[in-house]
Structures are given as C-alpha cells and as structure tokens.
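First up is the structure itself, then whatever we jot down about it.
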Amino acid sequence: MRVALFLTCVNDTLYPDTGRAVVRLLSRLGVDVDFPMGQTCCGQPHYNTGHRRQAEPLARRFADVFAGYDAVVTPSGSCGAMVRELYPRMGRRAEEEGRGSSLALAVAEVVPRTYELTEFLVDVLGVTDVRAFYPHRVTYHPTCHGLRALGLGERPRRLLRAVRGLELVELPGAEECCGFGGTFAVKNPDVSAAMGRDKVDAAVSTGAAVLCAADNSCLMHLGGLIRRSGADVRPLHIAEILASTEGEPLT
C-alpha cells in the first residue's frame, strides 16, 4: 500500500511533532509512508472566508500532488472534511456556473482515497490496538469537522481505550464546539473565547492530565486559553498518544 501523508499547513508550521508521530505510528504498523513535497494548503481558509474560486487551484493541486497513492492520510479532521465534503461541492458549483467539469473530474479520483488518521487506522487497516503505551488520565474532545462532517464517531475513543496505561474519562459537553472554527475565531473573538473557556473548564473538571483531539487547530485555540488560565491540563493530538510506546515514550 502506497500511503501519502497530507500534513496540513497548521501542523507543518506549528505542530511538526504530530506529523512525525503519524509516520512513526504507521511505520510501526507496517505502512510505508511518503511525504509529497509539492503539497500546500487545501484551500479551507479561502473557502470558509467566501473565496471559493480562489480555493479551486489548491484543490486541483491537491489532486495532482496526491495522484497515484492508495490512500492519503491526514491528522486533521477539518482538512480531511475540506477534501471529502467540499471539493466535490466545488466541482459541482463550477459545472453549474458553466465552467466545465474539469475540477469535478480532477478531485473525483482522490476524494474517496483521503482519510483522517483514526478512520484510516480503524476502517482501512482494521486495527484499534496499535500497541501504544501512555500511562496518563486523558479526556477526548471530538472536534466539529471530525464529528459532524466525517462522522468519526467512536473510532478515536476505541483507539484510546486500547492504549495500555491510559485512563480515558468522558468530557462533559463533549459534542459542543470549542469555539475555534477557523476564521470564526477571528471574526467573533469574544464568542470564540467564551466557548473555548467553557471547553477548558469541562476538561479541567475531569481531572485529566491531557485534553486530546484529532485536530491541532482546535487544540491550538484551547491551548492558548489553557496557558492564559494556568489550567493544569495538556492539549495533545491523538497521533502523539498512539505513537507513544514503552520503548519510545512520548516526552
């Protein structure tokens, strides 16, 4: 199986350890991972800000860069949802506007082969026990795109429950948005911060040492609020937990 890692802008710029964790995890499971150097932004910031046509070249580039792989794996529910849900919509809109079917055809081949990390592990590789070890109390926040757009459901929790030493505790109000929402946080900062503080308070109430999610953009938002409040909880991407073993523990 030829698998490509779509790292995403946020992870490449701010959270490279998440990308390294994905490669370490998949390699441990016998998967050969490639990192196409031509990858760029998926276009989500453009699309969400109302610049749909400006996002189209990025969708075409994504389709070109990741052509020929058996699977494209990303540690981001929001960017995975952009590809899976919005690329086809962009193609249909272009056709409706009389601009031809080239965009729809370009993305049609790569869209069904693009997976968020936890669904790739559970649905494609068929594993929930990835031989991880992480002896800490953890609570899981299901981010909006993973929950509502991709329908990740119990996949992340099943993976976490199989981690040796890990105690998984339920997050109160887990399905409520953390308030990030990409450009929403910029346009509505007061509302965004209030929603984030509610999420941080919920995490603290569990007594967990770690607040885990499958999307670093949401963890970035919550992490800033955690640092400002002095809360004793660590934001951490699920990939880094799943990559941790007794031989190579997460530091």
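Using modelled atom types and a 3.5 Å distance limit, the side chains of Thr183 and Asn48 yield no donor-acceptor pair. No hydrogens or angles considered: nothing links the side chains of Thr74 and Ser76 as a donor-acceptor pair under 3.5 Å. If you check the side chains of Tyr69 and Asp34, you find a donor sitting under 3.5 Å from an acceptor.
In this structure, the ring pair (Phe, Tyr, Trp, His ring centres under 6.0 Å) partners of His136, at least two apart in sequence or on a different chain, are Tyr134. Remark: Tyr15 pairs with no residue by the ring pair (Phe, Tyr, Trp, His ring centres under 6.0 Å) rule, at least two apart or across chains.
Separating the CG atom in Leu152 from the OH atom in Tyr115 is a distance of 13.5 Å, to the nearest 0.5 Å. One distance of note links CD of Gln44 with CG of Leu58; it measures 12.0 Å at 0.5 Å rounding. To the nearest 0.5 Å, the span separating CD on Gln54 from NE2 on His46 amounts to 8.0 Å. Considering CG of Asn11 and OG of Ser217, their distance stands at 8.5 Å, rounded to 0.5 Å. Atom CZ of Phe35 is separated from atom CG of Asp12 by 5.5 Å, given to the nearest 0.5 angstrom. Here the CG-OG1 distance, from Leu250 to Thr245, works out to 10.0 Å after rounding to the nearest 0.5 Å.
Two residues are said to be in side-chain contact when any heavy atoms from C-beta on lie closer than 4.5 Å; Phe62 and Val107 fail this criterion. Two residues are said to be in side-chain contact when any heavy atoms from C-beta on lie closer than 4.5 Å; Pro235 and Leu222 fail this criterion. Taking the side chain as every heavy atom from C-beta outward, Val130 and Leu29 approach each other to under 4.5 Å. Between Phe133 and Pro249 the shortest side-chain heavy-atom distance does not fall below 4.5 Å. The side-chain heavy atoms of Leu125 and Phe120, taken from C-beta on, include a pair separated by under 4.5 Å. Looking at Leu242 and Leu121, their side chains come closer than 4.5 Å, going by heavy atoms from C-beta outward. Side-chain atoms of Arg155 and Asp123, non-hydrogen and from C-beta on, do get closer than 4.5 Å to each other. Taking 4.5 Å as the limit, every side-chain heavy atom of Asp198 sits out of range of all side-chain heavy atoms of Met195.
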- Task: Begin from the C-alpha positions of Val138 and Glu167 and carry the test side-chain contact (heavy atoms from CB on, under 4.5 Å) through to its verdict.
- Result: CA-CA 6 Å; Val138 174; Glu167 179 188 359; over 6 Å; no
- Item | Step-by-step salt bridge (Lys or Arg N to Asp or Glu O under 4.0 Å) determination, Arg157 to Glu170 | CA-CA 10 Å; Arg157 291 185 181 89; Glu170 189 63 25; 3.5 Å; yes
- Applying side-chain contact (heavy atoms from CB on, under 4.5 Å), run through Leu160 and Tyr140 and close with a yes or a no. CA-CA 9 Å; Leu160 290 170; Tyr140 169 70; 4.0 Å; yes
- Task: For Cys212 and Ile238, run side-chain contact (heavy atoms from CB on, under 4.5 Å): C-alpha distance rounded to whole Å, both residues' side-chain angles, the deciding distance at 0.1 Å, then the answer.
- Result: CA-CA 6 Å; Cys212 166; Ile238 190 172; 3.6 Å; yes
- Check step by step if side-chain hydrogen bond (donor to acceptor under 3.5 Å, both in side chains) holds for Arg60 and Ser102. CA-CA 9 Å; Arg60 293 180 187 274; Ser102 62; 3.0 Å; yes
- Task: Could you go through the side-chain contact (heavy atoms from CB on, under 4.5 Å) check for Arg137 and Val169 one step at a time?
- Result: CA-CA 7 Å; Arg137 186 180 177 97; Val169 291; 3.4 Å; yes
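Of all heavy-atom pairs between Gly179 and Ala185, the closest is O-CB, 4.2 Å. For the pair Leu5 and Pro75, the tightest heavy-atom approach, listed with the atom from each and the gap, is CD1-CD, 4.0 Å. Considering every non-hydrogen atom in both Glu85 and Ala149, the closest pair reads OE1-CB, 3.8 Å. The minimum heavy-atom distance between Leu168 and Arg161, with the atom names listed, is CD2-CG, 3.8 Å. Of all the heavy atoms in Cys144 and Cys177, the pair that sits closest is SG-CB, 3.5 Å. Taking every heavy atom of both residues into account, Arg2 and Gly68 meet most closely at NH1-O, 3.1 Å.
Side chain of Thr206 to main chain of Thr139: no donor-acceptor pair is present (N/O by atom type, distance under 3.5 Å, no hydrogens or angles). Proximity of a side-chain donor or acceptor of Arg197 to a complementary backbone N or O of Leu225 within less than 3.5 Å is not detected. Under the 3.5 Å distance criterion, the side-chain polar atoms of Glu119 are matched with a main-chain donor or acceptor of Glu116. Within the 3.5 Å criterion, the main-chain N or O of His51 finds no donor-acceptor partner in the side chain of Thr49. Using modelled atom types, no side-chain atom of Arg158 and backbone atom of Val122 make a donor-acceptor pair closer than 3.5 Å. Between the Lys199 side chain and the Glu176 main chain, a donor and an acceptor come within less than 3.5 Å of each other. No donor-acceptor pair under 3.5 Å is formed between the side chain of His141 and the backbone N or O of Leu211. In this structure, the side chain of Tyr87 engages the main chain of Cys42 through a donor-acceptor pair within 3.5 Å. A donor-acceptor contact shorter than 3.5 Å links the side chain of Gln39 to the backbone of Leu7. At least one donor-acceptor pair under 3.5 Å links the side chain of His237 to the backbone N or O of Ala214.
A 6.0 Å sphere centred on CZ of Arg228 holds no more than 12 heavy atoms belonging to other residues, nucleotides or ligands. Residue-environment remark: CZ (Arg148) exceeds the threshold of 12 foreign heavy atoms within 6.0 Å. Heavy atoms of other residues, nucleotides or ligands lying less than 6.0 angstrom from CD of Glu154 number more than 12.
A salt bridge links Glu97 with Arg93; the closest basic N to acidic carboxylate O contact falls under 4.0 Å. Between Arg24 and Glu240 there is no salt bridge, since no side-chain N of the basic residue sits under 4.0 Å from a carboxylate O of the acidic one. A salt bridge between Glu56 and Arg61 is absent, with no side-chain N of the basic residue lying under 4.0 Å from a carboxylate O of the acidic one.
The hydrophobic clustering, which links ILVMFWY residues whose side-chain heavy atoms are closer than 4.5 Å, places Phe6 and Leu86 together. Transitive grouping of hydrophobic side chains (ILVMFWY, heavy atoms separated by less than 4.5 Å) brings Leu236 and Val23 into a common cluster. Linking Ile, Leu, Val, Met, Phe, Trp and Tyr whenever their side-chain heavy atoms come within less than 4.5 Å puts Leu117 and Leu166 in one cluster. In this structure, Val10 is not a member of the same hydrophobic cluster as Met37, with clusters built from ILVMFWY side-chain heavy atoms closer than 4.5 Å. Hydrophobic clustering places Val65 together with Met82 (ILVMFWY residues linked when any side-chain heavy atoms are closer than 4.5 Å, directly or through intermediates).
Remark: Arg52 fails to qualify as a cation-pi partner of Tyr47 under the 6.0 Å distance and 45° angle criteria applied to the six-membered ring.
With Asn216 as reference, Thr18 is the one residue of Asp17, Thr143, Thr18 to meet the side chain to side chain donor-acceptor pair (under 3.5 Å) rule. Under the side-chain contact (heavy atoms from CB on, under 4.5 Å) test applied with Leu159, the options Ile241, Asp129, Thr118 reduce to a single match, Thr118.
Here Phe180 and Phe184 keep their ring centres 6.0 angstrom or further from each other.
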